[in-house]
Protein chains: 2
Amino acid sequence: MFQVPTKTQYAIRALVHLALKESDSAAKIAEAQMISPKYLEGILNQLKLAGIVTSDRGRSGGYRLAKSSEQIRMIDVVQATEGAIRPVDCVDNRSVCVMGATCIPRKFWIGLKTAVDDYLSSVTLKDLAGDTFVQIGKE
Amino acid sequence: MFQVPTKTQYAIRALVHLALKESDSAAKIAEAQMISPKYLEGILNQLKLAGIVTSDRGRSGGYRLAKSSEQIRMIDVVQATEGAIRPVDCVDNRSVCVMGATCIPRKFWIGLKTAVDDYLSSVTLKDLAGDTFVQIGKE
DNA sequence: CGATATTCCTATTATTCCGATAGGAATTGG
DNA sequence: CCAATTCCTATCGGAATAATAGGAATATCG
Ligand code: FES
Ligand code: FES
């Protein structure tokens with residue numbers, strides 16, 4: 001359960017790479033991180049649209065972080081690659097629930113979403129890439 | 001992201017139903033909870049194997065909770081339908097990581113798993129269904 | 001007993017999502 | 001111009017999920 005798609009795993013590996021290496025091309029990142037190169041291109045483009053990385057085209061182009069690594073929260077990365085955290089559709093839009101207004105499990109799903117959101121919001125790229133990472137989310 | 005399979009959503013709906021109605025057949029539960037009947041049969045069987053419900057065959061058979069609802073943690077339900085919480089394979093088995101021993105994101109994934117596990121462990125069926133035992137429309 | 005309602009078992013199909021690939025257009029530096 | 005790059009769009013294959021199908025085993029009741 002809660003298998004995280006490889007797309008998101010790749011995005012995170014690529015960002016860690018950029019945090020350490022400053023700037024690199026998609027092909028170089030793909031090789032170093034063992035990711036399908038063409039697939040990674042699309043992922044980096046999503047990260048760019050989300051304002052997490054910037055890119056330069058042309059001969060000596062490549063990608064770099066758009067902000068400092070402590071400003072990049074993991075929840076933003078996840079949302080860039082997969083959209084909002086939504087264990088079940090109804091957490092955003094109650095009307096999609098077949099059980100109607102009296103639906104009992106809804107609070108439970110919202111609680112789960114909150115738990116995940118809170119954790120992902122609490123960790124930044126710097127926490128991963130630096131040696132200062134501490135495990136948050138467990139109190 | 002983190003879309004929860006319908007199987008698990010159905011399992012929870014079915015358990016809420018049983019918590020309120022004490023005993024019912026798969027067909028009745030399916031109708032009340034708007035779940036494909038044959039699909040639900042298989043799900044209830046998984047819950048039985050996990051010791052969450054019990055069943056009686058034959059003419060006036062059906063399913064009932066195997067324990068009181070406060071003893072049924074949601075993490076047990078999720079594990080019964082989907083197996084262990086494992087955002088990425090490496091949280092259980094480090095050797096599957098292509099990046100080897102120096103893998104940086106691993107602590108992050110373990111933290112995510114922990115956040116989800118902790119939440120699911122903290123909620124019981126009773127928390128969802130409430131403690132008032134109500135008989136829903138006797139047939 | 002015999003009819004019926006149920007769980008239980010196994011196999012198959014349908015659907016959806018994901019990962020990856022393909023080919024090339026646009027851009028830029030040298 | 002040329003080469004390296006990002007960027008765009010389309011498609012394919014495979015895996016996982018959801019659902020269906022048919023029936024065997026079991027129990028109840030009249
Ligand atoms: S409102 Fe979410 S399952 Fe009903
Ligand atoms: S050990 Fe998990 S991604 Fe490397």
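To find a chain, count down the sequence lines: A is the first, B the second, and so on, and within it residues start at 1. Quick note: numbers below take in every heavy atom, side chains included, and nothing from hydrogens, waters or symmetry partners.
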>> Quick one, A/Q71 with A/L65, criterion side-chain contact (heavy atoms from CB on, under 4.5 Å). Give me CA distance, side-chain angles, the key distance, then yes/no.
In response: CA-CA 10 Å; A/Q71 291 176 302; A/L65 298 183; over 6 Å; no

> Does any residue of residues 42-59 of chain A have a heavy atom under 4.0 Å from DNA chain C, and if so, which ones, in number order?
Replying inline: A/R57, A/G58, A/R59

> Just how far, in rounded Å, is P of C/dT10 from CD of B/E41?
Replying inline: 14 Å

>> Would you say that A/V16 contacts B/F108 through its side chain, given a criterion of any heavy-atom pair below 4.5 Å between the two side chains?
In response: no

> Between A/W109 and B/Q9, is any pair of side-chain heavy atoms under 4.5 Å apart?
Replying inline: yes

>> Within residues 21-33 of chain A, which residues have any heavy atom lying less than 4.0 Å from an atom of DNA chain D?
In response: A/S25, A/A26

> Nearest heavy-atom pair of A/A84 and A/Q79: which atoms, and what distance?
Replying inline: CA-CG, 4.3 Å

>> For the CD atom on A/E31, are there more than 12 heavy atoms of other groups (residues, nucleotides or ligands in this structure) within a distance under 6.0 Å?
In response: no

> Considering residues at least two apart in sequence or located in another chain, which fulfil the side-chain hydrogen bond (donor to acceptor under 3.5 Å, both in side chains) criterion with B/R73?
Replying inline: B/D76

> Hey, is NZ on A/K67 packed in by over 12 heavy atoms from elsewhere, all under 6.0 Å?
Replying inline: yes

> Of all of residues 85-92 of chain A, which get a heavy atom below 4.0 angstrom from DNA chain D, listed by number?
Replying inline: none

> Which heavy atom in B/L44 sits nearest to a heavy atom in B/A14, and how many Å separate them?
Replying inline: CD2-CB, 4.3 Å

> Under 3.5 Å, is there a donor-acceptor pair between the A/D127 and A/T124 side chains?
Replying inline: yes

> For A/T81 and A/Q46, which heavy atoms make the closest approach, and how far apart are they?
Replying inline: O-NE2, 3.7 Å

> What are the two closest non-hydrogen atoms of A/L40 and A/I29, and how far apart are they?
Replying inline: CD2-CG2, 3.7 Å

> Distance-only, no hydrogens or angles: does the B/S122 side chain make a donor-acceptor pair with backbone N or O of B/Y119 under 3.5 Å?
Replying inline: yes

> Are A/I110 and A/M99 linked, directly or through other ILVMFWY residues, by side chains that come within less than 4.5 angstrom of each other?
Replying inline: no

Set out, line by line, the N/O atom pairs under 3.5 Å between protein and nucleotides 18-21 of chain D.
unit_1 : atom_1 : unit_2 : atom_2 : d
D/dA18 : OP1    : B/T6   : N      : 2.5
D/dA18 : OP1    : B/T6   : OG1    : 2.8
D/dA18 : OP2    : B/Y39  : OH     : 3.4
D/dA18 : O5'    : B/T6   : OG1    : 3.2
D/dA19 : OP1    : B/Y10  : OH     : 3.4
D/dA19 : OP2    : B/Y10  : OH     : 3.2
D/dT20 : OP2    : B/S36  : OG     : 2.8

> Shortest non-hydrogen contact from B/P105 to A/R13?
Replying inline: CG-CG, 4.4 Å

> Given atom CD of A/Q3 and atom C1' of C/dC18, what is their separation to the nearest angstrom?
Replying inline: 11 Å

>> I need the minimum non-hydrogen distance between A/I104 and B/L128, along with the two atoms involved.
In response: CG2-O, 3.1 Å

>> Let me check the geometry of the helix from C/dC1-D/dG30 to C/dG30-D/dC1. What is the bend angle between the axes at its two ends, five pairs each, to 10°?
In response: 10°

